[in-house]
Enquirer: 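One structure is given below, represented as structure tokens, and several questions about it will come after.
For ligands, and for the atoms within them, numbers begin at 1 and follow the listed sequence. As a basis for the values below, the full set of heavy atoms in this structure was taken, side chains included, without hydrogen atoms, waters or symmetry mates.
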Amino acid sequence: MPNIFQLRKLSTELALSKVKLVAVSKTYPINDIQMVYDSGHKIFGENKVQEMLQKSTLLPTDIEWHLIGHLQSNKVKYIAPFVHLIHSVDNLKLLHEINKQGQKNNRIINCLLQIKITPELTKTGFELGNFEQLVKNEALLTLPYVRICGLMGMASFSKDKILVAQEFAELKKLFDRLKAGYFTNTPYFSELSMGMSGDYTLAISQGSTMVRIGSLIFGNR
Ligand SMILES: *Cc1c(COP(=O)(O)O)cnc(C)c1O
């Protein structure tokens, strides 16, 4: 059962810092998501294409669906018609496929580029070190059916607050450099998706504009 009281508290807290909340509903049943929706929240995140597709057909059509998990290029076509924001673009082939599917559906698809900010091998993303070079060399900004709205990152799964804050700070620095260097005329490059149930306060203190929170709202998986 979702904790609606916790959700309200969190929403108020985030609204004060102008941070957006993506309620991460992966693994939770339709009824739980409906309860959260009925309380007034309409932004949900899923990490698997199949699960997002299924849920989106059963739930109200004004939900904003965010894909937050690793996305295989051959699955982009399933979500291209309706996805609101893909947080997890972690390679160029994928970005080009999103552009192609955007064109087919005649819609511009909002994307965040996921950056690897932790040495943990389970997390994917563009390498932090050579990312600016890549932006310089590739015509990322000219893909007509892709809108790059910002960056996303996941910190180490660690109790070490200093380490986690440092990782978030690195991502914020990269975001600021990119904005100043390549996205000066693109006001929509404005989102920094970082922070989950366990580390969102740290992420906000380092400049997050969007947090992805599951278990704190829906309960333990
Ligand atoms: C599951 C997940 C979250 C939310 O995790 P919680 O600890 O439940 O808040 C956030 N981001 C991504 C990419 C996830 O896969």
Enquirer: Heavy-atom contacts with R212 under 4.0 Å: which atoms of ligand 1 show up? List them by number with element.
Expert: 4 (C), 9 (O), 10 (C), 11 (N), 12 (C), 13 (C)
Enquirer: Examine G214 against ligand 1 and note whether any of their N/O atoms are separated by less than 3.5 Å.
Expert: yes
Enquirer: Please determine whether a side-chain nitrogen of the Lys or Arg among E51 and K26 lies less than 4.0 Å from a carboxylate oxygen of the Asp or Glu.
Expert: no
Enquirer: Please report which non-hydrogen protein atom sits nearest to atom 5 (O) of ligand 1, along with the residue it belongs to and the distance in Å to one decimal place.
Expert: M196 CE, 3.6 Å
Enquirer: Does W65 form a side-chain contact (heavy atoms from CB on, under 4.5 Å) with H84? I'd like the steps, not just the answer.
Expert: CA-CA 5 Å; W65 289 102; H84 184 81; 5.6 Å; no
Enquirer: Look at K20 together with E191 and state whether they make a salt bridge at an N to O cut-off of under 4.0 Å.
Expert: yes
Enquirer: Does H87 come within less than 4.0 Å of ligand 1, judged by its heavy atoms?
Expert: no
Enquirer: Any idea which atoms of ligand 1 are less than 4.0 Å away from a heavy-atom of I213?
Expert: 9 (O)
Enquirer: For atom 2 (C) of ligand 1, which of the options Q114, K26, H66 provides the nearest non-hydrogen atom?
Expert: K26
Enquirer: Go through ligand 1 atom by atom and flag the ones less than 4.0 Å from a non-hydrogen atom of M154.
Expert: 12 (C), 13 (C)
Enquirer: Starting from atom 6 (P) of ligand 1, locate the nearest protein heavy atom and write down its residue, its atom name and how far away it is, to 0.1 Å.
Expert: S197 OG, 3.5 Å
Enquirer: With distance as the sole criterion, is a donor-acceptor pair present between the side chains of D32 and Y37 under 3.5 Å?
Expert: no
Enquirer: Looking at ligand 1, is there an atom of it that comes within less than 4.0 Å of some heavy atom belonging to I68?
Expert: yes
Enquirer: Pick one: which of L92, D90, L95, N91 meets side-chain contact (heavy atoms from CB on, under 4.5 Å) with L113?
Expert: L95
Enquirer: Could you check whether S88 and H70, counting side-chain N and O atoms only, form a donor-acceptor pair closer than 3.5 Å?
Expert: no
Enquirer: Is the Y188 to F183 ring centre distance short of 6.0 Å?
Expert: no
